[in-house]
Amino acid sequence: MSDDDAMRGRGTGPGEAPGADVRPGAGEIRSADAVRGAASGTAPVPLSVLDLVTVGSGRTATQALGTSVALARLAERRGYHRHWVAEHHSMPGVASSSPAVILAHLAAHTSRIRLGSGGVMLPNHAPLVIAEQFGTLEAMAPGRIDLGLGRAPGTDGATAAALRRTDRLSEGADEFPEQLAELVRFLDDDFPDGHPYARIHAVPGPVQGPKGRPPVWLLGSSGFSARLAGMLGLPFAFAHHFSARNTVPALELYRDSFRPSAVLDAPYTLIGVSALAADDEREARRQVLTGALSMVRLRTGRPGLIPTPEEAEAYEFSAVERDFVDGWLANVVHGTPDAVRDGLDGLQKRTGADELMITANAHGAEARLRSYELIADVYDLPAVAPGV
């Protein structure tokens, strides 16, 4: 398969003719409303939530998942557009190894907010399994599910090998587009006649009733997924919260590569942003330092639970670690609500992002929930009664 065919998502899988158009949404027009959000209050763009289901020192995964329910309810009540969870493995400080399971739980405790994966790491799974899982979620919460896909393993190489039952962890340009094409065929139930999978149906799915499935997003922290999303006419989410220097180049590449599709007639970009608001600047600094120390430990092969603010303040950073922390915190929008609003507004202007997805890395539930409440307040997001 040529590089050009790969980037177009044209599969040459078992029994499929080279050049077959398997772009997501091919042959079927879907409402862009399933992708685009609407800004609320005084926010320049829709605001959403990225939930890493963090587990703090002295806390349990059960408590972390309970906080995710509380956060989803808060986000729904305060006018955030969507709530995504990410796939991570073998990381003590997070409890989000199974996005589909968590999303089912969140769907049972909410009624309006969009829920999705930010994202499912496609190479870790068989495409049919993902189609079945997200078809089930769509049946549980019709019209509220997003399927965000990444091509990284979401973990270290050894864990990825255990997940995939292979030590061949190539993530070359040819593999991800083929996996994506197969997944979309299962979601749409439209393998061509003669394909070995033509008689296989992902259920729940279109074979059981009216067509309808979650919109597919591509996620990335570099240029590969940006270009692929553009060429397929898909919405693109960029991980600004851990790859800030690549944000503008990746978004520009996406927009330059964009081709209108049945999914979108114009580019749509979302960026993940690490942001935390507190009642005063010092408290905000105390809280974000816990996430910075957690990243130091992760990057130096010592992953663990998210430390407490007291533990982070008492930790003696080496000169190298201090440089890392300073660089890391430079990309975390934090401070008073007004300062966070100014930081988010400035970031949106610099990047032209169509949506901001906020992740609040802190030790405890109270600080995280308070941050989202304060950000909603400073942007005058509407408070909506539950179930309305």
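Everything numeric here is computed off the predicted structure, so don't read it as measured data.
- Proximity of a side-chain donor or acceptor of Glu138 to a complementary backbone N or O of Gly143 within less than 3.5 Å is detected.
- Using cut-offs of 30° and 60° for the angle between ring planes, the Phe191 and His195 rings count as tilted.
- Using a 4.5 Å heavy-atom threshold, the side chains of Gln133 and Leu103 count as separate.
- Among residues two or more places apart in sequence or in another chain, the side chain to side chain donor-acceptor pair (under 3.5 Å) test is passed with Arg370 by Asp279.
- Looking only at side-chain heavy atoms (C-beta outward), Val216 and Leu180 come within less than 4.5 Å of each other.
- A salt bridge does not link Arg341 to Asp380: none of the charged nitrogens lies less than 4.0 Å from a carboxylate oxygen.
- Ionic pairing of Arg114 and Glu355 is not present here: no N-O contact between side-chain nitrogen and carboxylate oxygen is shorter than 4.0 angstrom.
- For Gln348, there are no side chain to side chain donor-acceptor pair (under 3.5 Å) partners two or more places apart in sequence or in a different chain.
- Few gaps surround CD on Gln208; more than 12 heavy atoms of other groups in view lie less than 6.0 Å from it.
- Residue pairs meeting the ring pair (Phe, Tyr, Trp, His ring centres under 6.0 Å) criterion with at least one member in residues 266-296, sequence neighbours excluded: Trp217-Tyr268.
- With hydrogens and angles ignored, the 3.5 Å screen pairs a side-chain donor or acceptor of Glu76 with a backbone N or O of Arg112.
- The shortest side-chain heavy-atom distance between Tyr379 and Ser40 does not fall under the 4.5 Å cut-off.
- Aromatic rings of Phe186 and Tyr197 (six-membered ring for Trp) have centroids within the 6.0 Å cut-off, being under it.
- Relative orientation of the Phe176 and Phe224 rings is perpendicular, given thresholds of 30° and 60° on the angle between their planes.
- Sequence neighbours left out, not one pair with a member in residues 284-308 passes ring pair (Phe, Tyr, Trp, His ring centres under 6.0 Å).
- Comment: Asp51 engages Arg368 in a salt bridge, judged by a side-chain N to carboxylate O separation of less than 4.0 angstrom.
- Every residue two or more places apart in sequence or in another chain that forms a side chain to side chain donor-acceptor pair (under 3.5 Å) with Arg302 is listed here: Thr300, Glu321.
- Under the side chain to side chain donor-acceptor pair (under 3.5 Å) criterion, Arg286 pairs with Glu283, Glu310, Glu313, not counting sequence neighbours.
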